[in-house]
Amino acid sequence: MTPDELKTTAEKQREAVGKYPHRVHVCMAAGCISSGSDKVKDALTDELKKAGKDKCCLVKGVGCMGLCSAGPLVEVADSVAGNSVMYKNVTAEDVPALVASLEGKPVPHLLLPKDIPFFTAQHKIVLENFGLIDPDTIADYIMMGGYEALNKALTDMGPAEVLHEVTASGLRGRGGAGYPTGLKWSTVAKAGGGQKYVICNADEGDPGAFMDRSVLESDPHRVLEGMAIAGFAVGANAGYIYVRAEYPLAVKRLKNAIRQAERSGLLGQNIFGTPFNFKIDIRLGAGAFVCGEETALIASIEGLRGQPRPRPPYPAVSGLWGCPTLINNVETLANIPPIIRKGGKWFASIGTEKSKGTKVFALAGQVNNTGLIEVPMGIKLRDIIFDIGGGIPEGRKFKAVQTGGPSGGCIPEQHLDMPVDYESLASVGSIMGSGGMIVMDESSDMVDVAKYFMEFCMTESCGKCVPCRAGTAQMHDLLARIMEGDATMRDLALLEKLCDLVKNTSLCGLGMTAPNPVLSTLQYFREEYTSRLLDGGGNGRHPKTAAAAEVR
Amino acid sequence: MTVNVLTLTIDDQQVSAREGQTIMQVATENGIFIPRLCHIEGLDPVGACRLCLCEVKGTPKLLPACTTKVSEGMEVSTSTERLGEYRKMILELLFAERNHVCAVCVSNGHCDLQSMAQKVGMDHVTVPYRYPKLQVDATHERFIADHNRCILCTRCVRVCDQIEGAHTWDVMGRGEGSRVITDLNQPWGDSETCTKCGKCVHVCPTGALTEKGRSVAEMAKQRRFLPYLTKMREEW
């Protein structure tokens, strides 16, 4: 494909879509499909044909529209009037009413107002095409300006300018640790040796997190474009997407996207008529959480046991098959095309001093609006939970919000007015993490929460280093004893000692961060621990004393 | 060929080293002992047991001496109070993880786990014993694998792969459920790749891999072959 052909494709697709006076967008991401959106889409197609309206109304399966808790979501747009309405919880039975409403008034009982904070308080960069394009059609992505950034990088800029823009953007790794992306890219670019690789880490494994899945399901070409730009900037000609096999829909759409991009000449040899070649392959993860750790992930791609190894050497120097390797998270790469299109300065104008841009969060747990959101860095946690999230259901009281999955911590009420950025979250004992955000209300038991995450780390430990393998198992059993009311102050002291050991002596990030859920709940909810101890001065809350009191 | 020589400080002692050497190698050359269990000179280091962790000035993280390369002006502390506490605790975790009963062990008195506990002063175990039920594989004509005494150091896996070239041993499972296996988890006696060389038995730090017919405290390990083989390969 030449740059001119890219423009023509975009125009043709715009025309093809624009000729319909009505457009119906049905969410076809995994969340809505599981509540029956595929049936809604089929019913819509049939009903329109029956009503003879299939020439004036386009039915399109699109990516995630965000408010997963109200799914299946359907958006009906009127091109003539230039407005659109959104419907929630749509079933196949509602379809005749929807079709009948095309030229008339919207269906009132399904209406989802678009002016609620859930939609208005967001700032979409990564999710800009969500709900607008069909993830299985490359022309749809191109219509929205897709692959323009790759074209710009290859034909107007050089690798150095691309590196400059990414560095200027201030983008930091969205996988959790927040390492400056520009710095990582320039390290790989400077590394010697002929062969280099780009890896996209799509092994999203935190419980309650589904940001990467949604990006891959809703806008896969964005990730491919980001990877190709990265390859151009660092001098790599091959890339791998390591995606977990538990995401079959994401894998299917990625495979389709890669095939389409190859057929259009947007991946492969001499992209946009330049000497730049880039190919992308998919590697499936077999369900190990630790394979999200970069050195374990690389070992897994090489066909070895997915175990981390000590760093240095970092993958930027010696990664896949010993070659310099750039490894970035899905969301990081998805930020690249808009940065190249609009410039690093534009990106750096969003967010806070040290954390630029936006962050995608998967809002889950005891909150009214669960789903996928994208907010500017620096937003208050309170705004996320109570405005965008719509607060806690049934008027219950907020207790804590858990960020960063098993590596993160629980943040209580008193820190809700803190801005969301890498440093602030770390200062209160949690981490930004990949973007899982689990809201908990007063009914949540914090010791149980800590035990849940510790069980997760224990079963997901690879078993290589002693502190993580044996330490997480001991910590889990201690937490179980505290839950059962069989523990003493001595056990609590041992738990804290083990937290310190595992945190400081483990080999990889999994072990180093495994104690975080315990440490943060101990910091803010210590009373929930001590009241369960046999000698903790338990004010009647000790499970065994409470049971004994009942018997009496 | 020129080799860059650099100087560094280990435990306030100024030492010289060749570029590319690890902290462990340089410390050993200078008579400084750093505790270790997974590491054995002659096999690729993996940094798994975490006993050799050292403090390096300017780095907040503790670094394993077996895999960390020395650099010019590096200031290493190998035996601070904090490291000593961590080492004791790691050994306690190992003793509690499986069934290590020295009094009835064939390797009593010749065991690296036991001697390391003595060296770092681990005189009792404060974490609860886990008493897992594990198998003993005595199907091999010459050797026994007792998983109750295995500490998953993977020395057997590495010596079989890197020195013997058979790769009979590997690790299966994850976390606490990890276990060393022969071939695809077949009984050792049925292994088609095992050459019966016995190198795994002699690099094994504990009584997990032993020769048949040994009674309590009789299984001393012969390890002189390893540096010899490594040297012969280098000179070839």
Side-chain angles (χ1 to χ4, degrees), chain A residues 286-291 295-296 299 304-313 454-478 480-481 486-487 490-491 493-495 497-512 514, chain B residues 22 37-38 44-55 59-69 71 82-83 85-98 113 125-130 132 150-154 157 161 170-181:
Chain A
F289 177 69
V290 75
C291 285
T295 58
L304 303 170
R305 187 174 152 83
Q307 280 190 326
R309 59 157 178 79
R311 298 175 303 177
M454 193 52 74
E455 186 178 356
F456 183 88
C457 291
M458 174 180 78
T459 49
E460 292 298 337
S461 164
C462 76
K464 180 171 178 173
C465 78
V466 183
C468 177
R469 181 183 75 224
T472 53
Q474 292 282 1
M475 286 194 283
H476 171 263
D477 285 11
L478 283 168
R481 280 180 64 186
D486 284 337
R490 199 173 151 271
D491 292 314
L494 180 61
L495 178 66
K497 202 175 159 192
L498 282 168
C499 282
D500 177 57
L501 175 86
V502 175
K503 187 178 175 156
N504 288 304
T505 63
S506 291
L507 194 158
C508 81
L510 193 159
M512 286 180 205
Chain B
T22 61
L37 272 175
C38 66
D44 287 352
V46 289
C49 74
R50 318 306 283 172
L51 281 179
C52 71
L53 288 180
C54 289
E55 288 175 17
T59 315
K61 277 203 310 191
L62 302 174
L63 297 175
C66 64
T67 61
T68 308
K69 301 263 196 298
S71 60
R82 176 178 173 225
L83 291 173
E85 286 305 311
Y86 284 157
R87 285 173 186 152
K88 269 192 234 173
M89 198 74 186
I90 288 170
L91 283 166
E92 286 182 38
L93 286 173
L94 276 176
F95 271 96
E97 188 181 26
R98 296 199 175 178
L113 180 65
V125 175
T126 54
V127 296
Y129 280 92
R130 304 182 66 76
C150 174
I151 57 167
L152 295 169
C153 67
T154 68
V157 177
D161 177 48
D170 213 318
V171 183
M172 67 169 246
R174 59 166 95 136
E176 246 204 331
S178 302
R179 222 151 44 76
V180 289
I181 51 167

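Chain letters run A, B, ... following the sequence lines, proteins first, then strands; residues in each count from 1. Nothing here was measured: the structure is a model prediction, and the numbers come from that model.
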Q: Please determine, among A:Met458, A:Arg469, A:Arg490, the option with the most heavy-atom pairs under 4.5 Å with chain B.
A: A:Arg469
Q) With respect to chain B, which residue among A:Gly463, A:Gly306, A:Pro312, A:Gly471 yields the maximal number of heavy-atom pairs within a distance under 4.5 Å? A) A:Gly463
Side chain, backbone, both or neither: which part of [X] has a heavy atom under 4.5 Å from chain B?
X	value
A:Thr459	backbone
A:Ser506	backbone
A:Arg309	neither

Q: Identify which part of B:Glu176 has an atom lying under 4.5 Å from any heavy atom of chain A, answering side chain, backbone, both or neither.
A: both
Q | Side chain / backbone / both / neither for B:Ile90 at chain A, heavy atoms under 4.5 Å | A |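 Interface part for B:Ile90: both.
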(Q) Taking the side chain as everything from C-beta on, heavy atoms only, tell me whether B:Leu37 gets closer than 4.5 Å to A:Val466. (A)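 They are not in side-chain contact.
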(Q) Could you tell me if the side chain of B:Pro128 sits less than 4.5 Å from the side chain of A:Leu494, heavy atoms only? (A) yes
Q: Using a strict cut-off of less than 4.0 Å between a Lys/Arg side-chain nitrogen and an Asp/Glu carboxylate oxygen, indicate whether B:Arg130 and A:Asp477 qualify as a salt bridge.
A: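 Looking at B:Arg130 and A:Asp477, the cut-off is met.
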For [X] and [Y], work out which heavy atoms get closest and say how close.
X	Y	result
B:Ser178	A:Arg305	OG-NH2, 4.0 Å
B:Ala96	A:Gln474	CB-NE2, 3.8 Å
B:Gly47	A:Pro310	CA-CG, 4.3 Å

Q: Heavy-atom pairs under 4.5 Å with chain A are the metric here; pick the option from B:Glu85, B:Lys69, B:Glu97 that has the most.
A: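 Sorted descending by pairs with chain A, the first entry is B:Glu97.
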(Q) Just so I understand: if I count every heavy-atom pair under 4.5 Å between each of B:Cys38, B:Gly173, B:Gly177 and chain A, which residue has the most? (A)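 Option with the greatest count: B:Gly173.
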Q | Residue that, paired with A:Asn504, satisfies side chain to side chain contact (heavy atoms under 4.5 Å, CB included) out of B:Lys61, B:Arg50, B:Arg82 | A |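 Single side chain to side chain contact (heavy atoms under 4.5 Å, CB included) partner of A:Asn504 among B:Lys61, B:Arg50, B:Arg82: B:Arg82.
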(Q) Rounded to the nearest 0.5 Å, what separates atom OG1 in A:Thr505 from atom CG in B:Leu93? (A)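 One finds 8.5 Å between OG1 of A:Thr505 and CG of B:Leu93.
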Q. Could you state the interatomic distance from NZ (A:Lys497) to CD (B:Glu92), rounded to the nearest 0.5 Å?
A. 6.0 Å
